[in-house]
Structure formats: C-alpha cells, structure tokens
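What's counted below: heavy atoms across the whole structure, side chains too, no hydrogens, waters or symmetry copies.
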Amino acid sequence: MAENKENPGYSPEELIEVYGARAHNLKNIDINIPKNKLVVITGISGSGKSSLAFDTIYAEGQRRYMETFGAYARQFIGEMERPDVDKITGLSPVISIEQKTTNKNPRSTVGTVTEVYDFMRLLYARIGEAFSYNTGKKMVKWSEEEIVNNIFQRFDNEKISLLAPLVRGRKGHYRELFEEIRKKGFVKVRVDGEIKDITPKMQVDRYKIHDIEVVVDRLKVADSFRHRLSQSVQQTLKMGKDLMFVHIEGDTEITSYSKQLMCADTGLSYEEPSPNSFSFNSPYGACPTCKGLGSVFTIDMDLVLPDRSKSVREGALTPLGEERDASVFQQVETFAKKNKIKLDIAVEKLPEEHLNLLLYGDKNINASLEVNTDDETVPNEYTGSYEGIIPMLKRWFASSYSTEALRDWVQKYMTLKTCPSCNGARLKKESLWFLIDRKNISELSEMNLDKLYAWFDGIELRLNNKQRTIAKDVIKEIRERLTFLLNVGLTYLTLNRPSKTLSGGESQRIRLATQIGSQLQGITYILDEPSIGLHQRDNHRLITALQDLRDIGNSVLVVEHDKDIMLAADHLIDIGPKAGYHGGRVVAEGDPKQMLKLNTLTAGYLNGVHTIAVPAERRKGNGKKLVLKGAKGNNLKNVDATFPLGKFIVITGVSGSGKSTLINETLYPILSQHAYNSKTNPLEYKSIKGLENIDKVIEIDQSPIGRTPRSNPATYCGFFTDIRTLFASVPEAKIRGYNAGRFSFNVKSGRCDVCEGGGMRVIEMNFLPDVYVPCEKCNGKRYNRETLEIRYKGKSISDVLNMTVEEAVEFFQLVPYIYRKIKVLEEVGLGYITLGQSAVTLSGGEAQRVKLATELSKRDTGKTFYILDEPTTGLHFEDIQHLLDVLNKLVDRGNTVLVIEHNLDVIKVADHVIDLGPEGGDGGGRILFEGTPEDLIKNKESHTAKFLKAELN
C-alpha cells in the first residue's frame, strides 16, 4: 500500500499530487504538495529528499517538456525514461536550480552570467565619452576640412598614401573584393601591412585573419596639391566608412583619421564604439596580448633553472633533464661545442652570454617569456637545429599540433601572471578610455555589487540631458538585476569574478536572482540547498527572495536543512526516518509551527529537545602554533593569523569576508609546498613560522571523487583492491586460475565485453550531454557470466558492489583489514550509500565525506593538518553530530582540524575560532577575533557573535 498524506485546506486544483513514488529508496509514497507556496523538503541525509524533488517531480516535468518536441527533434534526443512513479497531477513547467557551479570556462564571469555586463557594454557604446590614451584629453568628431588641415600640419612635404580600410580582422579569400576594386580603377592595396599591386584573380589565404585597405591616392603634401588632397580625403573617408589611414612611404607606422572620434593634439582616432568594443570575448574589444583572459602564461626561470649550482649535464636545465642518449641532448652538445660552452661546470659559473645561448639559442635574444600564439617570436615550426630551451617550450605550448599531455608538461615550467598590457582588465586600451562619470567599464566591473549599485543609484544626476534620454531604459535594467543579486546576499561579489571560482551556493543564488528577474509565473522551481555558503546574517535576504518568487505566482520547492528557512516555509515535508533503506517515507508534513509539536528527529532539533552539546572544556592544544603574517591576497588587509596546533579550529565570517582567500588560497598552498613540494603558489604574504610542526596537510573539499560512472566509493577509498584479492582466494577462483585482476571491471578478462565494465552504455547525444543507459547484456552487473559464478559467502563481486555500507560492515565483519575501512564510511554517516554507487550520483557533501573516510582509514602521524571547507553542506542536524564525532577523534589523536564554516553547531564546539569581517568584499578582510566561542560572543563588531550568543546561552 502506498502511504497517503492528506493536506487539509487545499482544493485539488491547488495541489501537486504525487502517487506511488518509488525512485531510489522512496517507499511507494503518496504526497500532496500545495502549489504557489514555499515548500521545504527536509530530512536526514540519504532519506530520499532529492529522490522526491529531483528524481521524481523534476524528472517528470522534464520528460513532459521533451514530449512537446516534434518527432524529428525527439529522434536525436531519444525517449526520456519515465521516473518510477504511478502518477503526478497538477505539475506546472519545472525549473531546477541546483548546486552545480555555473561554468568552468575562464571567459565566463558573474557579469556575463547575470547579463549585467551585457547591458553595461550597451551603455558605454551609446553614452560613453572617449578620451585620448596619449594625452587624456576628450576626443571630438572632426570634419573633412579639419582632417585635411591636420594632415598638412603633421606631414608637410612628406610623400603619403591615403588608405581606405575595407576589411578589418576577418577571414576569407576576398577574390571578388579585389576584382571589384580593380574594376573601379584602383591599382594598389595594402594587405596585412604590405602594399601590393592588384592583379587579376588575386586572393588571400581564406583561413587567416586579414586587414585589407585600398590605396586611394599617393601624393606629396604640398600647397599645390591641396585641392587634390581634399578630394582624395573625401573619397577615402567615404570608402572607409568615416575611417582612413595615412601611410608615409618607407615607414611601418600608419596614422588613423576618423570623422567620428579624434584627438586634436596627436591625431589619434578611435572607431565609433559598439557593444562589441567592450566585450573581452570579441576581437574588437579584447586585449590583443591576453586575448581577453586578463592573464598570460609566462615561462618561469626559477622552474626552468631551479638549481644553478648544477651543471647542464647534471640536469640544471630541468626541461632538458640529465645527460642521456637523446637527439635533443646531442643537439645541445653539438651547439655547445660550436660556441665553446662548457656543459660540465655549474650554471652559475657560466658567462651570461653562454647561458643565454643555451636558453634562447641566439645571441640576439628576445627575452620575452610570455606565450602568445600570435606573437612572431614564438617559432611556428621545428627547424631541425638547436633552437634554445625557451623557444622550444614556447613552440610546444603554442602549437596546435602539440598533444594535451605535452602542453601539460610544458605548463609545469610556467606561471600564470596578470597580463602586462591590460593589467587584468581584459580589454584593449582604446576601450578602457571610454568613460562615464570618469569611470571606465573595467573599473565598474571591479566594484563590489553593493558599491556598484550605489554608483548607479544617482547616475542620472551626473549625466547630461541627451545621455539621460538614451540611457534611461538600460540603467533601469541594470538596477533591477543588481537589486536581485543584492537580495540573495551576493553584495560582496564583483562582475569580473570568474564564474569557475564561485561556490555551489553562490552560483545557485546567482541563477535564483536571474530567475526572479525573468518574472516568470506559473512555474515550479526546485532548489537544492540555496543557503550553502551563506552567513546567518544574510539568511533573511535569501528567504525574502524565495518568498518574492512565490508571490509572483510560482511554486517553490526547496530541499534544505537550514533552520531559518524551514521555519519560514508555508509547508514543511520531513522525509525519513533514517537514511537509505531505512528512509524513503514521509515522517511528517504540514505547517512548520504545528510540526514543532511532533516527536520526530527534525522537530526535536528545531524545538530544542535534541541539541548538539557544547564541550565542557576546550582543548588546550599541544602548545605549538603556526603564525602567518602579512597576508594580502584579494581583499585581505595585511592580516596576521595564529593557528594553534592540536585543536579544532573554525574559521567564520560573513560571505566574502576573506575566509577562502586566507585558508584555501594562502595557508593551504604554503603547507602543501612545505609538505609535498607542491607547485601551487600561495597569494601574497610576508612570513610564516611553525612549519616544522606539520608533516602532512590534507584538504578535503567537495569536488567529485570521479567524473564517470566507473568511479565509486569502493575504488576511491581503496578497499576494492582488498575485496578483489579476497575473491581471488576463493577455492573455485584458484581452480579456474583467476587472480585479483579478474575481478576488476577495468580489466578485459573478467568484465562484460559490451559495456566494458561500466555497467552503463554511453549514448552520445551530439548537442546534448551524454546519456547513460544500463547495459543490455550484463544488466548493469559490469562482469561476464564466468566472473559472476565465483562467490564468497554466497555473494558475487557484483552483489558486493550493490551492498550498502551498512550491509557491507556486517558482511565483512570477520575480515578485519576490509571491515576497518568500510566501518569508517559508516562512521561519517554514509551507511546508506552502496559500495559501487556511481560517483556522478554523489552530492558534494557526500563526496566530501567519502574523502574524509579515506583519510580517516589511513594512519595519521599526529602532526597532520586537515582543512575542510563547509563540511556540513547537505547534512541534517543528526548527521552534523556524527561528523563532529569523527572530527573530534582526529583532534584527540594529536592532529589539527581546521574548518571553514557558517553552521553555528560547528562553531560552538570549536576550541579556537578565527572570525573575519566585518563585511564582505572591500568591507572585510580583517580578523575581528581569535579565541574561544565564549569570548567571541563578547565581540560587538562581529556578526557571527550576535547569532552564536543564542546558541551558547
């Protein structure tokens, strides 16, 4: 029988009715969800919340949408599998807003994702005022007569050519264009900087980018030719669409003239701006050095020559390596002999000229270390002779023929540095000299969103009447979008922040703000823990944003563990009672105030019956400490921080206050370099003391444990090797001659030959993501029939992979070396996942706990430094208790655990708290407090202290 939950007070038209939901661990449940309400689905981790929200309701909505496609489109997409549910009624179009980070593309930024930057580009193209980058003076539009007078003033008595630009930065062979010019009577053109005669059937390389100008006239600048010059200038401007170039014969430079924007003093001219002129993704706006990325790869001489006390034969030139029988080394020896370079003495004793010859292959070196694929200093092809280490590395990195592995190898000798041409602004210099109220578009992109909103708030007063009229609607759109972003607590972000650096919660809130801005109605929105990474201070903003989405006529379903959001819901659904097989039921549902009176696990934590206890005494630590001084990365204000060892340390502060900058981007790279000689460079800092007290550092983040269905907890944690060895020791396996490799789904002999051990077939969808379907031969078991015939205690290797952690702990109880590793997975609260569960189905929080379990199963040294970034993501109150038990065990063994966290239950049990702030972005970056939670609540400047006070009292 299906479970049936009635919702009094709602008519059938006001409900989404789900009948017989059985996805994953759901126990054939029936549930009625009120429409146009804020509904929160909660419950212990692994109880079935996501199975109900995403795998049932969202999957059915998506399937119905796909069915609206025509037969032609559906033949490419295929039929979407119906979720395991009997019936869903009342379902409106569904939009899912999940935790996945927006985009890994380095060109994607907060500004481009939210479209705010697109509107700003339009604004600058229409009302931006141009200034000369030579003089700083405002540029004006010139008449033809003024251009003629300026040519006489600058080029008196010079022989010049007047050029009309016809093609700028475009590919093509342009055969028809050349023929058309020839028929008009012109005899010369300038192609890519070289003047050529026009010949019949003339064309250029169609696959290269070209600049083509027609030579309209060639004459001497003298009074006797003034009339002719005036007529030629008029014709040149007409052909070049108000733009022309003047070229002095024998000179490589050209001078631009435009009827649009010109500098009176220097003759510098800009093209009439378009929105593309301010796009770093367009050749018309991007900085030519970094191609709009804001940073360039440069060869790092410290990595190429790490030890100058060695000789070349001993491997001083790291890319070359030690002396060996290889063609490149033979070339070096021949080259050294010819130039009388000694390869047996220390590099530091070599004359500078000899070292430069080895590095650059030539006395006349171009010492630029930047790698730019369009740079003429980067050799295009190998000549067969010794070219020098630096040109060789540059060629391998820039060449389109190089393999990815070769580029990755070259990248080991490079560092990513801010582009020297644009200083990270991404745009060409002309674009950066278009200003509105003395600010260019890059300066606005670097402002925190709250400051940017303040700048736009009174902008009309600083514009003239014409600008106000043109900009009115664009400014309104920008303000609206910024308001939505501020309302979801993203005040500290900047528009130029790369989207790949955003956390799951931040990218989810950006998409939430975008959806609020779209003003759609009648939609069912499903969100997955939007409160991730959000400080309690900003929770009310998120709640207001969700309520706004509801108030315009949408149903909002939120999978959430946050107490404030649960209590603000119109309707609360609690799934449980436990995780995995023991969950999948509706434990309780209704108004949150009524739910508080019930005797459920969730209600117990909400009403105070269950609490996570504050320790009676804080640990004293081992007396040793790490002292980091002068941290200045991103928004940090020359911070000095002390990390006492042998304690449970928590880093707190409002979103954007500098926690990740201090720990993930400064402290962790320092410790990683110390412990493992890592190549990751920390952000700027002055000094660090106490490194001798650390011999191992482990960062446990929420990145996936694998990106394909082949990855799973058993392979990641390493105990699958032990299980395979156990199966190989079974008498039947010995008789057949099977070794441990036979039981690997990555080895040909034992795996299914159709899916090749994946258990799933990958269907490539061309323009859509790949689809995984169960293998029709092995039915997802991964192995062939012969391998599955080998059984240990009645179970095949496939049966073991399908066991939950809970079942496996019992099954392997008498095999200590396997039991110990699986037991740790259960201790971190993952008893409900299966050993062979695909990595792509694990949430960020689950992946983080699998990594934590892996580290826990290893032998620690007592001098290990653990770093975790928001480990409570996706965890119920009960799971947080399990997590804290595990972390406390690590500290009790003498290690140091550092956690970046907003959750008050974690903060209150810490031995040492470091609170950053007081605000996000530019308003943060200071350490407000270091010490125990009891002392923190006395700090009046800290936002964390205000909320923590209620937890400790």
Scanning both residues in full, the closest heavy-atom pair of Ser857 with Thr854 reads OG-O, 2.7 Å
In terms of heavy-atom contacts, Ala945 and Leu936 come closest through CB-O, 3.3 Å
key: Note: Arg926-Glu941 ion pair, threshold 4.0 Å (strictly below)   =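 A salt bridge is present here (some side-chain N lies under 4.0 Å from a carboxylate O).
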*Pair Arg511 + Glu506, salt bridge at N-O below 4.0 Å*: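 No.
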- Query: Centres of the Tyr866 and Phe648 rings: under 6.0 Å?
  - Reply: no
side-chain contact (heavy atoms from CB on, under 4.5 Å) assessment of Leu452 paired with Leu495 = CA-CA 9 Å; Leu452 183 61; Leu495 292 182; 3.5 Å; yes
Which of Lys563, Glu878, His561 passes side chain to side chain donor-acceptor pair (under 3.5 Å) with Tyr605? It is Glu878
Side chains of [X] and [Y], donor plus acceptor under 3.5 Å:
X	Y	value
Thr483	Arg479	no
Thr494	Asn496	yes
Thr42	His876	no
Glu560	Ser531	yes
Asn939	Asp915	no

Working to the nearest 0.5 Å, report the span between [atom1] of [X] and [atom2] of [Y].
X	Y	atom1	atom2	answer
Leu486	Tyr492	CG	OH	12.0 Å
Asp905	Thr611	CG	OG1	8.5 Å
Ile900	Ile867	CD1	CD1	7.5 Å

Asn607 meets the side chain to side chain contact (heavy atoms under 4.5 Å, CB included) criterion, sequence neighbours left out, with Leu596, Ala603, Val609
The complete set of salt bridge (Lys or Arg N to Asp or Glu O under 4.0 Å) pairs with one or both residues in residues 942-953, sequence neighbours excluded, reads Lys908-Glu951
Does anything in residues 606-621 form a salt bridge (Lys or Arg N to Asp or Glu O under 4.0 Å)? List the pairs, not counting sequence neighbours.
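Passing the test, one end in residues 606-621: Arg618-Glu934, Arg619-Asp892, Arg619-Asp911.
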If we ignore hydrogens and angles and just use 3.5 Å, is the side chain of [X] paired with the main-chain N or O of [Y] as donor and acceptor?
X	Y	value
Asp640	Gly630	yes
Arg537	Phe947	no
Asp300	Asp302	yes
Ser108	Asn105	no
Asp538	Arg541	no
Asn635	Gly656	yes

Does the pair Gln881 and His610 meet the rule for a side chain to side chain donor-acceptor pair (under 3.5 Å), with working shown? CA-CA 11 Å; Gln881 180 70 69; His610 301 304; over 6 Å; no
I would like to know whether Leu626 and Phe865 meet side-chain contact (heavy atoms from CB on, under 4.5 Å); could you show each step before the answer? CA-CA 11 Å; Leu626 284 176; Phe865 199 102; 3.8 Å; yes
task = Run the numbers on Asp562 and Val40 for side-chain contact (heavy atoms from CB on, under 4.5 Å), then give the verdict.
result = CA-CA 10 Å; Asp562 183 81; Val40 170; over 6 Å; no
Sorted by chain and number, sequence neighbours left out, ring-ring contact (aromatic ring centres under 6.0 Å, His included) with His540 holds for none
Across all chains, not counting sequence neighbours, the ring-ring contact (aromatic ring centres under 6.0 Å, His included) partners of Tyr413 are Trp409
Hits for side chain to side chain donor-acceptor pair (under 3.5 Å) against Asn487, two or more places apart or cross-chain, chain-then-number order -> none
ask   = Relative to the ring of His535, is the ring of His902 parallel (under 30°), tilted (30 to 60°) or perpendicular (over 60°)?
value =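 Because their plane-to-plane angle is over 60°, the rings of His902 and His535 count as perpendicular.
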| message | Quick check on side chain to side chain contact (heavy atoms under 4.5 Å, CB included): which of Asn622, Thr864, Ile694 does Asn895 satisfy it with? | response |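 With Asn895 as partner, side chain to side chain contact (heavy atoms under 4.5 Å, CB included) holds for just one option, Thr864.
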May I have the step-by-step check of side-chain contact (heavy atoms from CB on, under 4.5 Å) for Thr652 and Glu901, ending in yes or no?
CA-CA 6 Å; Thr652 67; Glu901 193 53 84; 5.8 Å; no
